Amino acid sequence: MGEIKSTLDIAMERLKKIEITEKERDEIKRKEISQKASGLATRYIEGSISLYDVQKEIDKMDVNTKEMIKEILLSRLIEELSLQSNYERLIMGIEWIKGKELNEVKDELEYMAKQFEREKANLRKNLEDKILDSLRISGIEGSAILVNIDSSDLWKKEEIELNRTYEAKLKIIKDRLKGLLG
C-alpha cells in the first residue's frame, strides 16, 4: 500500500509541475530567496551569526541567487539602522556586502548617537528637576523622593519628539547610503 501511495504522490507532484507556469515558478523562487535573505538578515542583526557564517551560507548558492540575497540583505541592514541599535554591526555588514569602507558614515552615526544620548540625558535631568521643583512648591521634598520619569506623560511626549527629530536625521543618512550603494 505504501508503494501505491508513493506512486500516487509522484503522479500528483508531476501534475502540479505541469500546472505551474514559468512565471509562477519564478515567483516561488523569488519568495524562497527573499525568505532566506530575511532569515540571514535577522540572525545577523540579532548577533546569532557572524559575517563569516553569512558568507558560508551565500557561498552555497548560485550566482543569481547570491546577488539577490546580497541586495535584500543590504536593504534590510540599511532599514534597520537606528541610534538605539548596534549600528556598528549593521555598518560592518553593509561594508562587507559592498566591499568598501564607510568611515564617513560611521563617524556621522557615532557623533549623532552621542549627541542623541546627551540630549536625552539633559532632557531627562531637566524634566526631573521640574518635577522635583513642583513637588517642593507643594511642600513635598527630601532625599527619599525618587522621580519615576518614565511614567511621566510629559517625558513620553518629549521622548517621542526627540526620537522623531533624530529619526529624520537618520533617514537622511539612510537615503544617502541607499544612493551611494544602490
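Treat the numbers as computed from the prediction; the structure is a model and nothing was measured.
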**Complete:** On a heavy-atom basis, the closest approach of Ser82 and Leu170 is CA-CD2, 3.5 Å
**Request:** For Leu51 and Met92, run side-chain contact (heavy atoms from CB on, under 4.5 Å): C-alpha distance rounded to whole Å, both residues' side-chain angles, the deciding distance at 0.1 Å, then the answer.
**Result:** CA-CA 9 Å; Leu51 283 176; Met92 191 168 54; 4.0 Å; yes
**Item:** Ionic contact status for Glu57 with Lys60, cut-off 4.0 Å
**Value:** yes
**Asked** Can you find a heavy atom in the side chain of Arg76 that is under 4.5 Å from one in the side chain of Thr42?
**Response** yes
**Item:** Lys157 and Asp153 ion-paired at < 4.0 Å
**Value:** no
**Message:** A quick test of your reading: do over 12 heavy atoms of other residues, nucleotides or ligands sit less than 6.0 Å from NZ of Lys169?
**Reply:** yes
**Message:** For the CD1 atom of Ile149 and the CG atom of Leu123, what is their distance to the nearest 0.5 Å?
**Reply:** 8.0 Å
**Prompt:** Are the side chains of Glu95 and Lys106 in touch, meaning some heavy atoms are under 4.5 Å apart?
**Reply:** yes
**Item:** Atom pair CG/CD of Leu162 and Glu167 - distance to nearest 0.5 Å
**Value:** 10.5 Å
**Request:** Kindly write out the residues that satisfy side chain to side chain contact (heavy atoms under 4.5 Å, CB included) with Asp26, not counting sequence neighbours, or none if the list is empty.
**Result:** Glu22, Arg30
**Complete:** Which of Gln84, Glu161, Glu119 passes side chain to side chain donor-acceptor pair (under 3.5 Å) with Tyr166? It is Glu119
**Asked** Can you check whether Asp53 reaches Tyr44 side chain to side chain, under 4.5 Å on heavy atoms?
**Response** no
**Item:** Heavy-atom side-chain proximity of Arg89 to Ile45 below 4.5 angstrom
**Value:** no
**Message:** Hydrophobic clustering (ILVMFWY, side-chain heavy atoms < 4.5 Å, transitive) - are Ile140 and Ile131 grouped together?
**Reply:** yes
**Request:** Measure the shortest side-chain to side-chain distance between Asn86 and Glu46 over non-hydrogen atoms and say whether it is less than 4.5 angstrom.
**Result:** no
**Asked** Do Arg136 and Asp133 meet the salt-bridge criterion of a basic N to acidic O distance under 4.0 Å?
**Response** yes
**Item:** Residue among Lys98, Glu79, Lys178 satisfying side chain to side chain contact (heavy atoms under 4.5 Å, CB included) with Leu74
**Value:** Lys98
**Asked** Between Glu159 and Asn163, is any side-chain donor less than 3.5 angstrom from a side-chain acceptor?
**Response** no
**Message:** Could you check whether any side-chain N or O of Ser151 sits under 3.5 Å from a backbone N or O of Asn148, counting only pairs where one atom can act as donor and the other as acceptor?
**Reply:** yes
**Request:** State, with a plain yes or no, whether a side-chain heavy atom of Val54 is found less than 4.5 Å away from one of Ile58.
**Result:** yes
**Message:** Nearest 0.5 angstrom please: Ile91 CD1 to Leu177 CG, how far?
**Reply:** 5.5 Å
**Message:** Would you say that Met68 contacts Met61 through its side chain, given a criterion of any heavy-atom pair below 4.5 Å between the two side chains?
**Reply:** no
**Asked** If you count the non-hydrogen atoms of other residues, nucleotides and ligands that lie under 6.0 Å from CD in Glu104, is the total more than 12?
**Response** no
**Prompt:** Counting only N and O atoms by type, is there a donor-acceptor contact under 3.5 Å from the side chain of Ser152 to the main-chain atoms of Leu154?
**Reply:** yes
**Asked** How long is the span from the CG atom in Asp175 to the CD1 atom in Ile78, to the nearest 0.5 Å?
**Response** 9.5 Å
**Request:** Kindly indicate whether the side chain of Tyr87, heavy atoms from C-beta on, has any atom under 4.5 Å from the side chain of Glu110.
**Result:** yes
**Asked** Step by step, would you call Glu108 with Arg176 a side-chain contact (heavy atoms from CB on, under 4.5 Å)?
**Response** CA-CA 12 Å; Glu108 275 185 73; Arg176 211 171 74 229; 2.4 Å; yes
**Item:** Gap separating the CD atom of Glu101 from the CD1 atom of Ile94, nearest 0.5 angstrom
**Value:** 14.0 Å
**Nearest-0.5 Å distance that lies between atom OG in Ser34 and atom CD in Glu32** = 11.0 Å
